[in-house]
Enquirer: 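Sharing a structure here in structure tokens format.
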Amino acid sequence: MLEKRYEPKDIEKKWYDFWIENEYFRAEGKSDKPPYCIVIPPPNVTGSLHIGHALDITLQDIMIRWKRMSGSNTLWLPGTDHAGIATQNVVEKDLQKQGTDRHALGREKFIEKVWEWKKLYGGTIINQLKSMGASCDWSRERFTLDEGLSKAVREVFVRLYEEGLIYRGEYLINWCPRCHTALSDLEVEHEEKQGKLYYIKYNFADQDGHITVATTRPETYLGDTAVAVNPEDERYKNLIGKMVRLPIINRDIPIISDEFVDASFGTGAVKVTPAHDPNDFDMGKRHNLPFINLLTGDGKMTEEAGPYKGQDRFECRKNVLKDLEGMGHLEKVTDHAMAIGHCYRCKTIVEPYLSNQWFVKIKPLAEEAMKAVKEGQVKIIPTGWENSYFDWMENIKDWCISRQIWWGHRIPVWYCKECAEVIVSRETPAGCKCGSKELVQDEDVLDTWFSSALWPFSTLGWPEDTDDLKTFYPTSVLITGFDILFFWVARMMMMGLKFMKEEPFRHVYIHALIRDAEGQKMSKSKGNVVDPLKMTELYGTDAFRFTLAAYAAQGRDIKFSEQRVEGYRHFLNKIWNVARFISMNVTEGEAASLSIKVKSLSLADRWILSRLSVVCADINKSLEEYRFNDASSYLYQFIWHELCDWYVELIKPELYGENADSKKAAISTLVHVYEVSLALLHPFMPFITEEIWQQLPCKKNDDSLCIREYPSAAEGIEDKEAEEKLNIVMDAVTAIRNIRGELNLSPSLELQALIKASNNAEATLNENITYIAKLAKAKDIKIGSDIQAPKHAATAIKPAFEIFVPLEGLFDFDAEISRLNKEMSKVEEDIQFVDRKLRNEAFISKAPQAVVEENKNKYNEYMEKLKSIQGNIDKLNQWR
RNA sequence: AGGCGCGUAGCUCAGUGGGAGAGCGCUUCCUUGACACGGAAGAGGUCAGGGGUUCGAUACCCCUCGUGCCUACCA
């Protein structure tokens, strides 16, 4: 006998351990079964589970468990990402607390420290994934800095270099002065902000007068090497070639002309700072201007800044403005909206910074990646994201992959101290071809996303030709949020196609972002995060998972509300109680012999089996299409409203009755339908279903629900006739309940029911009179085509029959007449609506014949109903 | 600045070219032998506004308003 309430806590761990012990999640490297594979989006090793992970994990686990049960050789490959900058930041913070830093430690020691840290805390997120029920194959867990994955990284780097797709050069990149490293364009977050536009006067060097330039970053004037104007700009045409003198530092620079300049913006004259602005960089190249670097790596001014040397960049700005103003060089200041770039890891304002970096020449890779989606090898779901994908790929720029940090894959490039030879190699080289042994490795490491880009094949063993790789590549689907579509998905596409010659996954399912109940993005700083671990603690993992699945409609963000989790906890309680109901009605001895015997099935049995068949098909189809919300809604609807509200109630007379055969049929059907329901539910709520299933008194072919075959429509028996018939019965029950409710009659009061039925309905109702008696709490039910309405009776009119409920003594003429009047005005509206259509000639001639027919039928039906109601009202008025 | 999405019951959201659906909340009644985390019966919506296409539009097209996001080198 089950406990009165479902208590998730102990049960969850018990079953997870059981699954692991029995290796149910273990994939086969070689198998006759069809392969199904998902690689997990590897969470940062520093991370802890947030609600976005929870959604991600839940959806993946649903797909994986569903496919596993459906007979696939299923691999869900888990792992973590070394998260270069983020992890380094965390460990550096630790060091800071101890009053030291990484430079004091030295590179080698520091990296040791990070590994130590990883050993201590890196398992946190993995354990949290397990607590969500994730059915990953943990024997294949990977880490992006593993030996194998590092080998893949080197292989890819060297091959791209050899093909000329990786190069090194001095360019303007995004620099984070706090993290002390270059960032790719993607790692810079732009935020629209109200800023200022400063107008600065530059005097001519050899004549009176000045030209005014506008800038948002006045301190960069120190690095100006020209002023540019548009060649067509009449105002400045005659000034081209003249020199202006920079205030304070008194450097003379030329006025040049360049098409790039927009004459309508600001003053139409642009200061050109080639070392600190991307556009100016291009102009500098075009006009051969000097590049003056004003900044050090940590955002302080260099010697080039003259009197401002050593000042912080923002302090310098203040001082420059003060000085310019003092000397009368600041003409005016206006408000100006602009988007400033911030480091995505630490939110510091980034600087365009001139330095030597490694880049991937990306266009050729992007073209293949676009083609794969255009030609349909890869399907992005929902398709709306394809636009963003193409848009980004088309405008892509070379990818800066070197980072000036220590934690990560060190760039496999060595420089000879003797002859300046550059050696790019898979293996650490012993010496230079010039004979020197004096080699130094490049100091930089690779962008973390470089190794993540290889994840779908590096984790399967590439560059070795492993069984896993042969079996599981391309993987089946990638499930992730849109926030890393470019960071990760796009790059996996490029690398997968490049090195495997095949797309990394057949489908990409992009799910929503979870926001708080007000629609705000969740963030630690806003303090509006929903902690998934708290949810699982409060409501159980299953209820939480089901909530996430129910929320996961395509193409819309999720506004998360805790109330909804509570609602689904009630659903679990309902499921739990059906199990209790079964255990109370099935004795141990009976259990083993249960089977569905078609010939002794009652109408209710046939009906629920038919419904089961339909819902099995619906759920499989929904999952096929990644319609998680539909699947969960089908489950909820079927189990609660059909199985519990109707079927269980319908069979109670049989369970408590004397007829052994029909009792047996009812119990068999109930247990069967419930067992199948548990299987249907299992991918969504693995723990409670396993717990109940293990205790369910019926024959099972498997040791765990998680490997039971996933139900198909064949587990039910489709039977439209039974559905139609039972609908008539349900109609009758509802009609009587409706009278009871609306006339405020006590639920305990037994009502008499007289049913005037058409021939079809008469037989059906007669055969199922006990159902009606029980569910509507009715007695002395009489059914016939010649039933007459008694004097003091409430009436209900349905298409197939009319019901009269005699209410001697309790009868209230006014109440009943007003009920009927309400009903009548509804029907009158209906008639009007259909009539308008039928009188429209265009409708008759142009609408499909079936639609016209349908409306005609409706019209007749409504007219019948109207006649009946009117008749009843007339009688009541006569009698009263 | 461009692009994308959203606006449907009090709240959170499904949905569809042929009379508007769910969950929660609300109202009334009910401790009936699985379940009060329950049962039964209800109330509640010009499907943002305006125009167009159509026999027919909440759905398709255009505009407006509101709202959210992504991309972008306007100094």
Side-chain angles (χ1 to χ4, degrees), chain A residues 2 4-6 172 185 190 197 213-217 220 228 260-262 264-273 277-282 336 338-339 352 384-385 387-388 391-392 395 482-483 485-486 513 515 517 519-521 539 543 550-551 553 555-561 563-564 566-585 627 629-630 633 636-637 641 644-645 648-649 652 655-656 734 737-748 774-777 829-830 833-834 837 840-848 850-852 854-855 858:
Chain A
L2 295 156
K4 180 141 189 190
R5 282 185 186 171
Y6 173 59
L172 269 194
D185 294 341
H190 292 274
L197 192 57
V213 296
T215 180
T216 53
R217 294 187 299 158
T220 61
F260 166 79
V261 180
D262 176 0
S264 65
F265 187 90
T267 62
V270 188
K271 60 189 277 310
V272 184
T273 324
D277 181 278
N279 294 316
D280 296 3
F281 179 84
D282 293 341
H336 182 67
M338 54 186 186
W385 290 106
N387 280 336
S388 308
D391 194 53
W392 187 74
N395 297 309
F482 64 80
D483 48 334
L485 180 59
F486 307 137
L513 217 65
R515 301 169 184 285
Q520 297 286 309
K521 210 168 170 173
Y539 304 103
Y551 259 127
R556 187 198 277 254
D557 282 348
I558 297 169
K559 281 195 223 172
F560 189 84
S561 149
Q563 273 191 354
R564 200 150 164 189
E566 200 183 337
Y568 289 121
R569 185 184 58 181
H570 297 174
F571 180 41
L572 264 83
N573 187 251
K574 195 76 179 174
I575 293 166
W576 184 255
N577 274 290
V578 181
R580 295 184 68 228
F581 178 74
I582 288 173
S583 67
M584 287 165 145
N585 284 285
R627 306 181 65 90
N629 60 322
D630 282 350
S633 150
Y636 189 96
Q637 202 63 27
H641 297 304
C644 294
D645 288 350
V648 168
E649 297 306 321
K652 275 180 182 173
L655 294 187
Y656 306 138
T734 308
R737 284 172 172 177
N738 180 287
I739 287 170
R740 188 191 294 279
E742 290 197 347
L743 295 180
N744 246 326
L745 304 166
S746 159
S748 57
K774 168 78 177 152
L775 296 191
K777 191 126 183 155
E829 274 173 37
D830 290 344
F833 182 84
V834 180
K837 276 191 185 177
N840 182 348
E841 270 179 44
F843 174 75
I844 301 289
S845 60
K846 293 194 176 170
V851 176
V852 177
E854 195 191 318
N855 276 275
K858 270 189 197 167

Enquirer: Restricting to non-hydrogen atoms, name the atom on Y551(A) and the atom on K559(A) that form the minimum distance, rounded to 0.1 Å.
Expert: OH-O, 3.0 Å

Enquirer: To the nearest angstrom, how far is I582(A) atom CD1 from G33(B) atom C1'?
Expert: 16 Å

Enquirer: In the 5'-to-3' direction, what one-character label does each nucleotide of nucleotides 70-75 of chain B receive under the scheme B = base within less than 4.0 Å of a protein heavy atom, S = sugar-phosphate only, - = no such atom?
Expert: SSBBBB

Enquirer: Who are the side-chain contact (heavy atoms from CB on, under 4.5 Å) partners of A579(A), not counting sequence neighbours?
Expert: L2(A), Y674(A), I692(A)

Enquirer: List the residues meeting salt bridge (Lys or Arg N to Asp or Glu O under 4.0 Å) with D630(A), not counting sequence neighbours, and say none if there are none.
Expert: R627(A)

Enquirer: Report the residues that fulfil side chain to side chain donor-acceptor pair (under 3.5 Å) with N279(A), sequence neighbours left out, ordered by chain and then residue number.
Expert: none

Enquirer: Would you please classify the geometry between the Y636(A) ring and the F571(A) ring as parallel, tilted or perpendicular, with 30° and 60° separating the classes?
Expert: tilted

Enquirer: Decide side-chain contact (heavy atoms from CB on, under 4.5 Å) for D277(A) and R217(A); before the verdict, give the C-alpha distance in whole Å, the side-chain angles of both, and the deciding distance to 0.1 Å.
Expert: CA-CA 10 Å; D277(A) 181 278; R217(A) 294 187 299 158; 3.9 Å; yes

Enquirer: Suppose you measure atom C1' in A9(B) against the same atom in G51(B); what distance do you get, rounded to whole Å?
Expert: 27 Å

Enquirer: Please measure how far the C1' atom in U58(B) lies from the corresponding atom in G7(B), and state the result in whole Å.
Expert: 12 Å

Enquirer: Using a 4.0 Å heavy-atom cut-off across all strands, classify V213(A) as base, sugar-phosphate, or nothing.
Expert: nothing

Enquirer: Mind checking what makes side chain to side chain donor-acceptor pair (under 3.5 Å) contact with E649(A), not counting sequence neighbours?
Expert: K652(A)

Enquirer: Between G2(B) and G44(B), how far apart are the P atoms? Round to whole Å, please.
Expert: 46 Å

Enquirer: Which value, in whole Å, describes the distance between the P atoms of nucleotides C30(B) and U16(B)?
Expert: 42 Å

Enquirer: Can you tell me, in whole Å, how much space there is between the C1' of G45(B) and that of U32(B)?
Expert: 36 Å

Enquirer: Just to be sure I understand the rule, does Y568(A) reach a base, reach only the sugar-phosphate, or reach nothing, if contact means heavy atoms closer than 4.0 Å?
Expert: nothing

Enquirer: Measure all distances between protein nitrogen or oxygen atoms and nitrogen or oxygen atoms of nucleotides 36-41 of chain B, and list the pairs falling under 3.5 Å.
Expert:
unit_1	atom_1	unit_2	atom_2	d
C37(B)	O4'	H570(A)	NE2	2.9
C37(B)	O2'	N573(A)	OD1	2.9
C37(B)	N4	R5(A)	NE	3.4
C37(B)	N4	R5(A)	NH1	3.2
G38(B)	OP1	H570(A)	ND1	3.4
G38(B)	O3'	K574(A)	NZ	2.9
G39(B)	OP1	K574(A)	NZ	2.9
G39(B)	OP1	W640(A)	NE1	2.5
G39(B)	OP1	D645(A)	OD1	3.4
A41(B)	O3'	N738(A)	ND2	3.3

Enquirer: In chain order, what residues pass the side chain to side chain donor-acceptor pair (under 3.5 Å) check against H570(A), with sequence neighbours excluded?
Expert: none

Enquirer: Does N387(A) have any side-chain contact (heavy atoms from CB on, under 4.5 Å) partners at least two apart in sequence or in another chain, and if so, which?
Expert: none

Enquirer: Taking atom P in both U8(B) and U71(B), compute the distance separating them and give it to the nearest angstrom.
Expert: 27 Å

Enquirer: Please tell me which of A550(A) and N840(A) maps to the more 5' nucleotide of RNA chain B, matching each residue to the nucleotide holding its nearest heavy atom.
Expert: A550(A)

Enquirer: Using a cut-off of 4.0 Å on non-hydrogen atoms, how would the nucleic acid contact of E649(A) be classed: base, sugar-phosphate, or nothing?
Expert: base

Enquirer: In whole Å, what separates the P atom of U53(B) from that of G15(B)?
Expert: 29 Å

Enquirer: Which dot-bracket string fits RNA chain B when only Watson-Crick or G-U wobble pairs with both atom distances under 3.5 Å count, crossing pairs get [ ], and | stands for a partner on a different strand?
Expert: (((((((..((((....[..)))).(((((.......))))).....(((((..]....))))))))))))....

Enquirer: How would you list, by chain and number, every residue that makes a side chain to side chain donor-acceptor pair (under 3.5 Å) with D645(A), sequence neighbours excluded?
Expert: H641(A)

Enquirer: Please state how far atom CG in L745(A) lies from atom P in U32(B), giving the value in whole angstrom units.
Expert: 19 Å

Enquirer: What's touching nucleotides 15-20 of chain B from the protein side, N or O pairs under 3.5 Å?
Expert:
unit_1	atom_1	unit_2	atom_2	d
G15(B)	OP1	R627(A)	NH2	3.3
G19(B)	OP1	K858(A)	NZ	3.3
G19(B)	N7	K858(A)	NZ	3.3
G19(B)	O6	D830(A)	O	3.1
G19(B)	O6	Y862(A)	OH	3.0
G19(B)	N1	D830(A)	O	3.4
G19(B)	N1	D830(A)	OD1	3.0

Enquirer: Which residues satisfy the ring-ring contact (aromatic ring centres under 6.0 Å, His included) test with F265(A), sequence neighbours excluded?
Expert: H336(A)

Enquirer: Base, sugar-phosphate or nothing for K652(A)? Non-hydrogen atoms, less than 4.0 Å.
Expert: base

Enquirer: Do you know which two heavy atoms are closest between N577(A) and K4(A), and how far apart they sit?
Expert: OD1-O, 4.2 Å

Enquirer: What integer number of Å spans the P atoms of A48(B) and A14(B)?
Expert: 14 Å

Enquirer: Indicate the atoms forming the closest heavy-atom contact of L513(A) with D557(A), along with that distance.
Expert: N-OD1, 3.3 Å

Enquirer: Calculate, to the nearest 0.5 Å, the distance between atoms CH2 and CG belonging to W392(A) and L485(A) respectively.
Expert: 8.5 Å

